[in-house]
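Encoded as structure tokens, the structure appears first; notes follow it.
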Amino acid sequence: MSEARIDDRVLGTLHARILDWFSEHARDLPWRSATASAWEIFLSEVMSQQTPVARVEPIWREWISRWPTPFALADAPAGEAVRHWGRLGYPRRALRLHEAARAMVARHDGQVPTSYEDLLALPGVGEYTAAAVASFAHGDPQVVIDTNIRRVLVRAVEGRALPAPSLTARERAVAAAAMPSDREQANAWNAAVMELGALVCTARAPRCGDCPVLEICAWQRAGCPPDDGPARRGQAWHGTDRQVRGRILQLLRDTPSPVARDHLDTVWPQDPVKVDRCLAGLVEDGLVEPVEAGYSLPA
DNA sequence: AAGTCGTGGTG
DNA sequence: TCACCAAGACT
């Protein structure tokens, strides 16, 4: 276990300034309401994985109203979860949410589990989501580390522009050392640092003029050196399986009845072999089901 | 452990 | 314009 030490005076200032900033500037997201249920918070966390929060809200409202509890979602066909996922992206998350709801019914009396370990065991829940749900839904101050928190800490504490591609032991140690010792403050801290990263300490064009900890930011004091890491690999898109899979699913979502194999070629007419491969992948993933008349969302 | 998995806003 | 990136998980 590596340890990281942050100067007590610096730490005190970080806590006070960032928590104060958060109390003034936090967006009033519906899942931050004092009356939000653990299920509502759980849904918001999975929906927010790799997805801008602004796009989550309408889908989240739709899901909450349609499936207000784990029981409700567990009773629905998996395909309905995929259908109502719409264009939020990474539709396997919808499937895993459905599996998670069934796991909650099977193993947790239909409740969102409270321990980090039980949360982590759910499908679609990794380190980040388990810690976030523990902290935000249950008031258990686990160390939350998301892309925002990584960026804020690497700048404010380490003085670098951007974190490494994958999470390091050093970052875990810094994040743990940065947590306030008070339980309530620690939970607020998790949300506050994330919010600061999302609204001010952004990846592309940080609004340092609006930053509450500008004077003690190590990156600022170092003169804002540019990222020294290797160039990031851009995500290819045009003509990839991802694009074709997306089109296939969009067609199936927008069609109530099964779709014939021939009709699926219309999503990528130049290459039926690619369509075959993507279809096989989607079936393998459980997102699509072969039926007599062709293909449909899973029952 | 690097690759894969959607989608849309934006600087 | 277009490459980058967004409350990651999984293999």
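Throughout, a chain's letter reflects where its sequence line sits, starting with A, and its residues are numbered from 1.
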- Enumerate the residues from residues 145-153 of chain A whose closest heavy atom to DNA chain C is under 4.0 Å, giving them by residue number; use none for an empty result. A:Asp146, A:Thr147, A:Asn148, A:Arg151

- Closest non-hydrogen atoms of A:Met104 and A:Pro113, given as atom of the first, atom of the second and distance, are CG-CD, 4.0 Å

- Item | Distance between P atoms of B:dG11 and C:dA7 (Å, rounded) | 14 Å

- Task: Take atom CH2 of A:Trp189 and atom P of C:dA7, then tell me their distance rounded to the nearest Å.
- Result: 17 Å

- Residues that, via side-chain heavy atoms closer than 4.5 angstrom, fall in one hydrophobic cluster with A:Leu251: A:Val82, A:Leu95, A:Val244, A:Ile248, A:Leu249, A:Leu252, A:Val259, A:Leu264, A:Val267, A:Trp268, A:Val275, A:Leu279, A:Leu282, A:Val283, A:Leu287, A:Val288, A:Tyr295, A:Leu297

- Query: Just checking, is any N or O donor in the side chain of A:Gln49 or A:Arg93 under 3.5 Å from an acceptor N or O on the other one?
  - Reply: no

- Item | Residue pair A:Val46 / A:Thr129, side-chain heavy-atom distance below 4.5 Å | yes

- Value in whole Å for how far the P atom of C:dA6 lies from CG of A:Leu29: 17 Å

- Query: More 5' along DNA chain B: A:Gln243 or A:Arg207, using each one's nearest nucleotide?
  - Reply: A:Gln243

- Using the P atom in both, what is the distance from C:dT11 to B:dG6, to the nearest Å? 14 Å

- Can you tell me the distance, in whole Å, between the CH2 atom of A:Trp237 and the C1' atom of C:dA6? 15 Å

- Query: Which nucleotide, C:dC5, C:dA7, B:dG11, lies nearest any side-chain atom of A:Ala203?
  - Reply: C:dC5

- Query: Would you say A:Arg245 reaches B:dG6's phosphate, i.e. side-chain N/O to OP1/OP2 under 4.0 Å?
  - Reply: yes

- At under 4.0 Å between heavy atoms, what does A:Thr129 touch on the DNA or RNA strands: base, sugar-phosphate, or nothing? sugar-phosphate

- Message: Any heavy-atom pair between the side chains of A:Val53 and A:Arg27 that's under 4.5 Å?
- Response: yes

- Give a yes/no answer on whether the side chain of A:Arg87 brings an N or O atom under 4.0 Å of OP1 or OP2 in B:dG8. yes

- Query: Please walk me through it: do A:Glu158 and A:Leu153 pass side-chain contact (heavy atoms from CB on, under 4.5 Å)?
  - Reply: CA-CA 7 Å; A:Glu158 309 280 44; A:Leu153 292 181; over 6 Å; no

- Note on the structure: note: A:Glu284, atom CD; C:dT11, atom P; distance rounded to Å ~ 11 Å

- Should the pair A:Trp67 and A:Trp63 be assigned to parallel (<30°), tilted (30 to 60°) or perpendicular (>60°) ring geometry? perpendicular

- A:Leu287 CG to B:dG6 C1', in whole Å, measures 11 Å

- Task: May I have the distance from A:Leu167 (atom CG) to C:dA9 (atom C1'), rounded to whole angstrom?
- Result: 13 Å

- What pairs with A:Arg83 under salt bridge (charged side-chain N to carboxylate O under 4.0 Å, His left out), at least two apart in sequence or on another chain? A:Glu80

- Query: Where along residues 88-105 of chain A does a heavy atom fall under 4.0 Å from DNA chain C?
  - Reply: A:Arg96

- Task: To the nearest 0.5 Å, tell me how far A:Phe42 CZ sits from A:His138 NE2.
- Result: 9.5 Å

Return all side-chain donor-acceptor pairs below 3.5 angstrom for residues 204-215 of chain A, not counting sequence neighbours, or 'none' if the list is empty.
| residue | atom | partner | partner atom | Å |
| --- | --- | --- | --- | --- |
| A:Arg207 | NH1 | A:Leu199 | O | 3.3 |
| A:Glu215 | OE2 | A:Arg17 | NH1 | 3.1 |
| A:Glu215 | OE2 | A:Arg17 | NH2 | 3.4 |

- Please work out if A:Asp285 contacts a base, only the sugar-phosphate, or nothing of the nucleic acid, heavy-atom cut-off 4.0 Å. nothing

- Message: Return whichever of A:Leu120 or A:Arg27 has its heavy-atom-nearest nucleotide of DNA chain C closer to the 5' end.
- Response: A:Arg27

- Item | Under 3.5 Å side-chain donor-acceptor pair for A:Tyr90 and A:Arg96 | no

- Please work out if A:Trp31 contacts a base, only the sugar-phosphate, or nothing of the nucleic acid, heavy-atom cut-off 4.0 Å. base

- Without swapping roles, check the side chain of A:Glu171 against the backbone of A:Thr168 for a donor-acceptor pair under 3.5 Å. yes

- Query: Rounded to whole angstroms, how far apart are CE on A:Met194 and C1' on C:dA7?
  - Reply: 6 Å

- Do A:Glu45 and A:Tyr128 have side-chain atoms, one donor and one acceptor, less than 3.5 Å apart? yes

- Using a cut-off of 4.0 Å on non-hydrogen atoms, how would the nucleic acid contact of A:Pro165 be classed: base, sugar-phosphate, or nothing? nothing

- Message: Please give the distance between the P atoms of C:dC4 and B:dG3 as a whole number of Å.
- Response: 16 Å

- Please evaluate the base of C:dC4 for a donor-acceptor partner in the side chain of A:Arg204 within a cut-off of under 3.5 Å? yes

- Is there a residue in residues 40-68 of chain A whose heavy atoms reach under 4.0 Å of DNA chain B, and which residues are they? A:Gln50, A:Thr51, A:Arg55

- Message: In whole Å, I'd like the distance from the CG atom of A:Leu251 to the P atom of B:dT7.
- Response: 12 Å

